[in-house]
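So the structure is just underneath, and the comments pick up after that.
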Amino acid sequence: MKNFTRLFAIVIALFMLATVAVGCNKDSDKEEGKKESKEIQVGIVLPTKDEPRWIQDKTRFEDALDEAGYTSEVLFSQGDSAKEKTNVEALIAKGIEVLIICPHDGAAAAASVEAAAAEGIKVIAYDRLITGTDKVDYYVSFDSISVGKAQAQYLVDKASGKKGQPLYLYAGAASDNNAFLFFEGAWTVLQPKIADGTFVVANSTEAITLKDKAKLSREELGKIIGQVTTDWKPEVAKSLAESNLTSAKADAKGEVLILAPNDGTARAIADTFKSDTAVTKFTVTGQDAEVPSVQYIIDGKQSMTVFKDVRTLVKDAISMAKSILDKKDVDVTAKTNNGKKDVPTKQTEVVTVDQANVKAALVDSEYYKADEFQNLK
Ligand code: GAL
């Protein structure tokens, strides 16, 4: 009897052990499944591979996320809002917890981030704001108004000093909120000079009509941008510059000033103005410190660029993502209204770069390697 009781106890104990083991297995299966569907923690969507600017961002993101130990995936939307939406859906299906997205079109991206938010995913608008939705949790960006101010100030500083100097205006894509901010910043610096006749706008009748208004509404900015948009595309910039020069009167040539919104369009516009023999000298702005434009600056073919240190922006976006994943407070410095809410924002300053500081700002700072350029002094 005693033996039987002992045997019975052993059988029961073994049975309990087996149950626990099976239970454990189930749990770890669940864990496995969870890990599989949560394979990617941070999803990143960037506007296009076709501009060096966004390739910079991708590289910096991958380096920094690897180092931080997060799984991530970067997808490009190739200037297409429908593809952008598919990209976001693909990342949602991979179980991301944080979405970092730079929209192709700030308004159209609202639907994508709403889909992400419905799955409990936190959304960080990266560089460009997403408008018209309350489902943007954070915004990391450069100070875009000061980008435009820096470009315009450069033109003012390099002006000939002769009254009536021709000024050509160009802008980014109207679907990009930043294009409005850049232009708004530039306008605050250029407008007094246009109003007093120091500069004469050569290619926008809307800008001439509005020349006495220091502060423009979004609609007014839109009117000017509508006449001078490059859509962020060098080929559009080139053909617009060509048609501007074709229809320009003789007194709109000579020594001119050109507000070009970014480096890709600046190079296209600079090449076009250079090939017009009636243009004797030009000062042209840029933005992004793209490698080909840095070479243009060294060679004296583009006057300046506004350097936006993508390392800082990426670092800010990642530390935001990290705080979100660790359920900690997120570090922000400002708020930006997107038409639906004040989005908590982290902003980064920008640096004006021309021949005088190109080496110090971009090579000595280890942003680029010296051997990426020729004739760097
Ligand atoms: C802006 C961005 C700029 C520039 C431009 C063209 O939104 O802030 O840095 O790259 O788009 O893509």
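All residue numbers in this chain count up from 1 along the given sequence. Every number for a ligand or one of its atoms is a count from 1 in the order of the listing. Hydrogens, waters and symmetry mates are skipped; everything else that's a heavy atom, side chains included, is used.
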Let me know which protein residues bring a heavy atom to under 4.0 Å of ligand 1; chain then number is fine for ordering. Glu51, Arg53, Trp54, Asp127, Arg128, Asp176, Asn178, Phe182, Trp232, Asn262, Gln287, Asp288, Lys308

Does NZ belonging to Lys322 count more than 12 external heavy atoms closer than 6.0 Å? no

What distance separates His104 NE2 from Thr48 OG1, expressed to the nearest 0.5 Å? 9.0 Å

Kindly state each residue pair satisfying side chain to side chain donor-acceptor pair (under 3.5 Å) with at least one member in residues 159-168, sequence neighbours excluded. Ser160-Gln165

Sorted by chain and residue number, the side-chain hydrogen bond (donor to acceptor under 3.5 Å, both in side chains) partners of Thr283 (sequence neighbours excluded) come out as none

Ion pair check, Lys122 and Glu97, cut-off under 4.0 Å: no

Applied to residues 180-195, the side chain to side chain donor-acceptor pair (under 3.5 Å) test, sequence neighbours excluded, yields Glu184-Lys215

